[in-house]
2 protein chains.
Amino acid sequence: MGRQATEMLKGTLEGIVLAILAGRSAYGYEITAWLRDRGFTEIAEGTIYALLVRIEQRGLVDVEKVPSEKGPPRKVYSLNDEGREYLEEFWKTWSFLSEQLEQLREGGNGSGH
Amino acid sequence: MGRQATEMLKGTLEGIVLAILAGRSAYGYEITAWLRDRGFTEIAEGTIYALLVRIEQRGLVDVEKVPSEKGPPRKVYSLNDEGREYLEEFWKTWSFLSEQLEQLREGGNGSGH
DNA sequence: TACCGGTACTCAGCAACACCAGGTAGCTCG
DNA sequence: CGAGCTACCTGGTGTTGCTGAGTACCGGTA
């Protein structure tokens, strides 16, 4: 990614994590690894945990503690109804933004040729 | 847009403005009006001016003061070479993010079953 | 003249978010 | 014991957009 990634992630990262949780339940360490796999190499571990705390406090996810064979117990997060609703809103905002940017990229703005 | 727009704009708004300036020169008030037209109704006027100051200080744009018939002189911004390069990087980061989100939206994450 | 509304830009203080750097804790293996 | 992996948490920092107010210039109108 690039230098601009940090700022661009603000607000989007939350949606990304919620979207992941919409597919299946997961815990912090797992999500971090998953993101690194996908190319988000610059996302700090602490960022994910802070984000998970946030969405938990907002009531967007349910949490369950599950013992691990390889270390401390995992906090497994799963999206609840409120979270699904919130994610729906995220997609709307994202779509809007995405469309606008696509238009800007192709041909420039209204004054174009 | 939605409640989530504010955070999502962080990092993207800059790219949006640079993309506008890539199409043609413009001044703050004009850009604000243009954005409102395009549906960015919640963007505060002050935000655009602050952003313009920022990208000017970073040397991404050239500025020219032009007298106006209807008020104080306008500060007309135009993208320079460094700005064009920066915009190019923005598009790369955006593309990456966009692809990842598109994959997430469609079918869930790679781990499938 | 005095006022209003539109144009155009500026500024101080605030909140949210990602980053950094470090810490805690459990497990396995040599 | 020490190293390394797993798994989570925390305090302080910088960037960014928002709020709300202010300055200034102009034309039209009463």
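Naming: A, B, ... by sequence-line order, numbering from 1 per chain.
- Between I48(A) atom CD1 and dA18(C) atom P the separation is 8 Å, expressed in whole Å.
- For the OP1/OP2 pair of dA8(C) and a distance below 4.0 Å, the side-chain nitrogens and oxygens of S68(B) include at least one atom meeting the criterion.
- To the nearest angstrom, P of dT6(D) lies 16 Å from CD1 of I31(A).
- We find that CG of L13(B) is positioned 17 Å from P of dC17(C), with the value rounded to whole Å.
- R38(B) and Q100(A) make their closest contact through O-NE2, 3.5 Å (heavy atoms, listed as atom of the first residue, atom of the second, distance).
- Counting non-hydrogen atoms of other residues, nucleotides and ligands closer than 6.0 Å to CZ of R3(A) gives a total of 12 or fewer.
- Phosphate contact (OP1/OP2 of dT16(D), side-chain N/O of R58(B), threshold under 4.0 Å): present.
- The two residues L87(A) and G15(A) have their closest heavy-atom pair at CD1-O, 3.9 Å.
- Atom OH in Y77(A) sits about 11 Å away from atom C1' in dA7(D), given to the nearest Å.
- Spacing between atom CZ of R54(B) and atom C1' of dC11(C) amounts to 15 Å, rounded to whole angstrom units.
- Taking CD1 of I31(B) as the start and OH of Y49(B) as the end, the distance is 9.0 Å to the nearest 0.5 Å.
- Atom CD of E45(A) and atom P of dT24(C) are 16 Å apart (whole Å).
- E42(B) comes within 4.0 angstrom of sugar-phosphate atoms only, judged by non-hydrogen atoms across all strands, and of no base.
- Nucleic acid contact for T32(A): none, since no nucleic acid atom lies under 4.0 Å from a heavy atom of the residue.
- What separates CE of M8(A) from P of dC19(C) is a distance of 13 Å, to the nearest Å.
- Residue contacts for T47(A): at a heavy-atom cut-off of 4.0 Å it reaches a base atom on one of the strands shown.
- A straight line from CZ of R3(B) to C1' of dA15(C) spans 16 Å, rounded to a whole angstrom.
- Taking only distance into account, the side chain of K10(B) never meets the base of dT15(D) through a donor-acceptor pair shorter than 3.5 Å.
- Looking at heavy-atom distances under 4.0 Å, L52(B) makes no contact with the nucleic acid at all.
- For the residue pair T47(A) and L13(A), the shortest heavy atom distance occurs at CG2-CD2, 3.7 Å.
- Taking side-chain N and O atoms only, Y27(A) has a distance below 4.0 Å to OP1 or OP2 of dA7(D).
- Contact check, Y49(B) against dT10(C): no side-chain N or O comes under 4.0 Å of OP1 or OP2.
- Heavy-atom nearest nucleotides on DNA chain C were determined for P73(A) and for K75(B), and the one closer to the 5' end corresponds to K75(B).
- Each of dC17(C), dC19(C), dT7(C) was ranked by its minimum atom distance to the side chain of E7(B); first place goes to dC17(C).
- Taking only side-chain atoms of P72(A), from C-beta outward, the nucleotide of dC17(C), dA7(D), dA8(C) with the closest atom is dA7(D).
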